[in-house]
Structure formats: structure tokens, C-alpha cells
Amino acid sequence: MSTTRRNLLAAPAILSVLGAMCARDAFAQAAPVRGGTLIYLEQQTYTNLYPPAGGFYPNGGVLNQITDKLTYQNPQTLEIEPWIAESWTVSADATEYVFRIRPGVTFSDGTPLNAEAVARNFDTFGLGNRELRHPVSEVITNYLRSEVIDPLTVRFHFRAPSPGFLQGTSVIGSGLVSLRTLALPFDQLGDATKIIGSGPFVVARQVLGRELVLNARQDYAWGPKQHPHQGRALLDTIRIIVSGEDSVRIGALLSGQAHVIRQIQAYDEGRVQSRGFQIFAPSTRGVNNSVVFRPDNPLVADIRVRQALRYATNAQEIVDTLFSPNYPRATSIIASTAQGHVNLADRLTYDPRQAVRLLEEAGWTLGPQGVRQKDGRELVLTAYESPPQPRNKDTLQLVAQQWARVGVRLNVLAGDAGSRVVDSLDPAKTPVAPAMVGRADPDVIRSQYHPLTRNALLQTGGVSQRVQSFNDARLNGLLDAIASEPDRAKRLALVGDVQRYVLDQAYVIPIFEEPQVFAAAPRLRGFGFEAVGRPSFYGAWLAAR
Amino acid sequence: MSRHLAQRLGQSLLVLLAAFTVAFALLQALPGDAVLIKFLDSTMGLTADQIAELRIAYGADAPLWQQYLHTLGNFLSGEFGYSIRAGVPVARLLAENIPPTLLLASLAFGVASLLAILLAVLSQLGFGWVRGFARSMPPFFVAVPVFWLGIMLIQVFSFQLGLVSVIAPEPWEELILPVLTLAVPISAPLAQVLIRNIDTVLNEPFVAVARAKGATHAWVLWRHVARNALPSTLTMAGVLFGELLGGAVVTETVFGLSGLGGLTQQAVANQDVAVLQAIVVLSAVAFVAISLAVDLLLPLLDPRLAVRPAGAA
């Protein structure tokens, strides 16, 4: 009896699924619909929209719609393709770049996007502007000056080889803005209406901290040459609305009040998919979500301790317990979708016995409380959680549980932003830290580990005054070589070397390849992403219900 | 009288200066600062030299007394500076966040008062079980977490029944659920104090006298009890309203509304000193203005409180 009933109940369900599938196919064949308003829910509001600050996800989500880039990095092939630049040449030593600008492009304030405008943009991004407090862009190294050759040709000069520059012109942080925007002080660029780009959408109005409305630019005719969509954007309007609460974003999506949401937790993915909604999980293609050591701290100065903790870390368990298949387990320090990735999974095995052996060898013996000791010191480490990374606190706490099994304690602190920033600069206070960064160019590895940039390992010579002596000249040499090797094959070989070196030194425990996860209504089509997972609504459209 | 006024004004200014100074000192005592948090933020990837340069540009390492005088001077000339985090003038953040907060707080407060009065009336007039129900509601309302209530209201009325929209709502529907969410916990202490006061006053001898004269229960409640039960409830109401202005963070977050609560929370999280300083001074101004107004109004309401000219008996 109960079986029959269940079947009776199941039948309409199957029918409706079939119906949905048929409807889907019909949609897929239908011609794109022009017009309509898309509602996009963000977890957080944007902050300062100075383009080089576009790395912050909410900022990138806005800037990618309203600005164009000099070049287009194909998100599938990662090749650099024409966009605002029709063509370019690079000198053999990668110290001179000449770009030919597409004619007829204008910013939304009517001013031309010509060689002069491109030159002023990169002068600001490459050198900063002290008076207006514009910081230098992370992606541009060794910048010297620009030279306008004719109204549509610009040349850039570099102090030293800068092979990453071409890719650097394609990233979210290199969005081109009008000279009027560049003339404003940094402190006023949190006002989206002041960010004048040449992109397919234009800021129509904003309610600070709550909503941003973008309208399609009617005369837009300069999308990337190889982009499947050309001409003006299909949507008329995008409303980017801040909704900080996870359950509200998902409920709004499922009830039809929103079309796309950013940041959906791994445990909610199934619920969304089971109702026929789409999940997008573009990779950020950079340095993996990892735990890094600060070897300046004597507790982790011994390579055997770091190796032991790597063996004690079960990345598979973390991925299985906290995440979904959209978060692939790391096989190196950079993502498998990153350029020059080498699969080093054999060096990242989970082996608690090996961990114990190494710790014993290094002189750390089990104390009465189950925590290892040496010379009266306990092996107790501390890390701050990193709120922007997905479920970072849970990740660190699971790592702490895994390490506890071999007698090492990891304290995971939340803390206020001030304490976190200050303590994270002090290897004595934070011997361990979570870290990740997205960018689809090998320069990203240098960005992450070089003392002069993000300095994830806290070496001397960087922004921290608290580092006593740790400095790895071999590592920095490799990183500098990546940033300045003009030959592509040699550069990728160096990328392989640095991956092996960092893992051999056990400076880093890579955990998973971090995606940006979005969920969207079944009727949303043509939704795309730039190379590191920032949403692009240029070709997006809403199918009829 | 004018001398008294001058005195009170002088005192008020001193209080404001003290609030400004204490806020400044406390904000400076926190580890790190807004410049560090903003620019060391891993999304910017700046070098040590670049950060040092920005610190100089922002005067972040200038001697404290210099920063203090500089900020004070700016405040006196009505210049609140810029939010380092948001990249917009502080004055603009305040202008965009204060009106919605006032509106939400006033509506929530109005609804909460109605709810409290309703409960108080039911607790006196109704049948046995109604009275019991009315009396058990306040503790229940207090116990309901605002966060949960907000999400449940959204789930049921917006996502399930589709009666109101919470994402991109029309102006008329925007505040319905948030006001309900806020009104429930605020009505609880109001109702509790009101019920308690009514009970106390009902036992006063003058009530017995009124009853002896043949007054009906309703008449006693309205003419005698309500008047005597209200003053302490009003005091309570004042405190609650103050809390509503800054304390609606959770409701604002759940419903995605802008407001002072969320602004303060963000500013605290990022040590956005300019914003915090402005909020503290603004609250101090509001407090001082209200107490000044009350002080000056009270003698008009109650002659016993008037300051007598010196020498008068």
C-alpha cells in the first residue's frame, strides 16, 4: 500500500522534472532575449572602487560591469586577446610594450578612450599618485613611464623586464577609467557614481551600503573581439543589492525575488541544485587556499616540524567535510587551472605516523596534557581566521583537530580587524596563517610570497618590523626570476621550480582550490566570468518564464 | 533665568568636548588603525614603502596631540572627514543612514507601544485565560531572538506566502516586516512595566475610594490608573527608543536595510575612526540636546522645579 502511494506521489514529480528538462532545451535553443532587469544579491557592499582595489570580491563584481580592460584574458584558454587594444607588440626583453587602441571608444562621460587616456590610467596604476593618495597596482611591476605616440598608439617603458604586464592589463584591477575619475582623490572613489568607465553598463544610482543600479550603455560597441556576444549588453538594468544573510539570499533566489546570488555555502549547494537552480563555481586560478608558516617563529623554524604538520593535515577530510566537489583538493601551491601548475599531490599525502616520527626526531615529545614539549616549551601555535575565505574558521578548526591527533595545538582566533592585522605581521604571535590570492598569471606566486609584496611567510625586508631574521634568498631569487623572465617557456619552468621548492621547504600546506560560488535562477543565460571568477553580465539575459 | 541657561549651555559644551576627547583617546588606544587595516588588506597587495607613504599622506603616525587638535578643528568647522574604508565623506554616510534609522525606529516604537498597551488592557479586562495569556506574552517576546524572528517572518510572509517582497521591495512594503521584527522585543519591557504599574496603582487607597464612589473598572483604569502608571513607562520608553536608534543592527542586516546600527558595526569592525568619532559626537549632541530641552521644559510643567532668583525665600 505504502509503495503504491509513494509511486503515485512520485509520478507527478517525475513528470515535472521531465517538463522542466524539455523546457530547458527549448530555452537553450531560443534566441537571446533583450531587456529586463536582473537582480543580483551581494553578500557585502562594495568599498573603494579605485580599480586596483578591485580584488575585493564585491568591488570586482561592480568594476567588471562598468569598466573595460586594455586586453581580454580568455577565461577558457587564459590566452590574452584584443579588447580596447586592437593589437600590441612586446620587446624581446619585455621592457617595452606598444598598444594600438581601438578607434571610436568613449567613456560614459563622452570623453574619448584614446592613447592619452590609457597612458594616464597606467601612469596612475603603475606609479600611484601621491597627491591624490592613489596606491600602486599590485599587478604592475617595474613600471617606468608611458609615451603617447599618436592618438591611438601608446608605448609603456619598464625599468626592468615585466613579462606579467600584458596579463596585468587584462585584470579587474586594470579597468580603464575616465580622466575625470583619475583626477579625484582616493577618498572619494567609494562613490560608484564617480567611477566613469567605458564598460557595457553605467552606474545609474546608488544607495550607499545597500543598492547599486547599473543601466546598459546603449552605444556600447567594443566588447572583446572574441566574446560570443557583441554590441550592447542584453540586459537593460542590473540591480546589485546587498543581502548579508545567507539564508535570505538563498530564500530570495528560490522564491524568485532574485536572479543571481554570490557566496553560497557548500552545504546549501545541494538544496539549490535539487530545485533546478544553477550553481557556478569559477576557479580563482591563483595561489590555493592554504595554511602558511612563518619560519621566523622558532616553533616552526625547524623544517621537520613543518613537514610533520603537513603530514598531519588531511586536506581530503577538510574538503569532504566542509566543502563540495566545487572545491577541488589542492595538488600544489597554485590551482590546477593556473598557468604552470605542476601536480605535486605525491608530496601532499596524509601520513600521521610520519608526522609523529618527524616530531619525535625534532625533539618534540608528548607532554602530560597530550601536547608535545621541548625544553619546557609546548608546541602551541596560533592563527587568525580570515573572514573573506569560505568557511575559513571551520577549516582552521578542523586543521586544529587534525594536528591535535599528533600532539600539536593550534589556537584559532577571530579577533577584531585591528588586532588581526597587527598580530598577523608578527611571526611571534602568528606562526601560522591562512592565505590565498587569485590571479591568472604566474606573477601571482611572487605577489603572495615575496617579502616586498604580500609577504605571506613574513620575511625580513617587508612591511613587518617584527621579523627577526627569516629570509630565504633562494626563494626570493626564484620569485624575482618569475617576475622578470621574458621567455614564456623558461618562465613556466621557473613556476614549476618554485612550487617544488616551497613544498620541499614545507612553508605552505595547500588545502583546496578556491572557487567563487554563485547560484542563479534557471532562466538566467549567458552568465559569464572573467579569468578569476568575477561575474560578467555583458552577455547575460533572462529567458521567458 | 538667562544666567541659568548660559550655565546649562556651558555645561553641555563641556560634556560634548569630553565625549569627543574620550572617544578619540579610546579609538587611538585600539591596536592597529584604519589606514593599516585598509591598505594591508590582502586585496591590495601593497609594498612596505607604499604603505609607509600612505601612512604619511594620512598623517597616521603624527603625534597624537597633533591628530587630536586637527580632528577637533575639523569637527568645529563641521568637517567630519572621509571614511577610509568606504571612500566617501562621513557626512554623506550619516546623511544616508540617519533618516532610515529614524523612520524605522519611530515606526517600530509606535507599533511596540500599541502592542504594549493592548497587552496591558487585555491583562486587566479580559477573561481569566486572556489575562494569563496577556501576562505571559512579554517574557515570551523578550526571549524570541530578533535574528530568528526576522528570518522566520521573511521565510513565511515573503518566501512562502509571497505577500511582501524583501529584496527590492516597494516603499510601502519595505518596512512592514522589519518594523514587526523590532516591535516585538521592544514591546515586551514596555508591556511588563505598564502591567506591573497598573497592578500597583490598582492597590492604592485612592482607587478604593474611587471604586467606593461607584466608578466602573474601566473608568478607574482610564481616569486614575493610566495617568499614574504612565510616567515610569515613559522613562522606560525613552531608554528603549535610544537603544532602537543604534541597536537595530541585526534587523538591518537580515533585511538589508541601511541604518546607523549597521554603519556603526562596519566602522567598529574596520576601525574607521572618522566615522566612529562622528557617530559618538552625534549621539552626544542628541543626548545633550534632549536633556537640555527637558531641563528647560520641566520648570514650565512643574513650577516646584523652577530655579528661584537668589535671595528669594
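In what follows, chains are A, B, ... by sequence order, proteins preceding strands, each numbered from 1. Every value quoted in this text rests on a predicted model; they were computed, and no experiment measured them.
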- request: Please check if the side chain of Thr21(B) supplies one atom and the backbone of Leu17(B) the other of a donor-acceptor pair under 3.5 Å.
  value: yes
- prompt: Where on Leu208(A) is there a heavy atom nearer than 4.5 Å to chain B: the side chain, the backbone, both, or neither?
  reply: both
query: Going by the angle between their ring planes, with limits at 30° and 60°, are Phe75(B) and Phe20(B) parallel, tilted or perpendicular?
result: perpendicular
query: Looking at Ile84(B), Ile56(B), Asn270(B), Leu257(B), which has the largest count of heavy-atom pairs under 4.5 Å with chain A?
result: Leu257(B)
field: Structural part of Val139(A) lying under 4.5 Å from a heavy atom of chain B
entry: neither
- prompt: So which part of Arg133(A) gets closer than 4.5 Å to some heavy atom of chain B, the side chain, the backbone, both or neither?
  reply: both
message: Less than 4.5 Å to any heavy atom of chain B: does that hold for the side chain of Val248(A), its backbone, both, or neither?
response: both
- prompt: Where does Leu425(A) contact chain B at under 4.5 Å (heavy atoms): side chain, backbone, both or neither?
  reply: side chain
field: Among Ser258(B), Ala52(B), Gly81(B), Ala168(B), residue most engaged with chain A (heavy-atom pairs, under 4.5 Å)
entry: Ala168(B)
- prompt: If you tally heavy-atom pairs under 4.5 Å against chain A, which of Ile151(B), Ile51(B), Thr253(B) wins?
  reply: Ile151(B)
- prompt: Between the side chain of Thr181(A) and the main-chain N/O of Lys194(A), is any donor-acceptor distance below 3.5 Å?
  reply: yes
query: Asn455(A) side chain to Gln459(A) main-chain N or O, any donor-acceptor pair under 3.5 Å?
result: yes
query: Under a 4.5 Å heavy-atom cut-off, does chain B meet the side chain of Leu41(A), its backbone, both or neither?
result: side chain
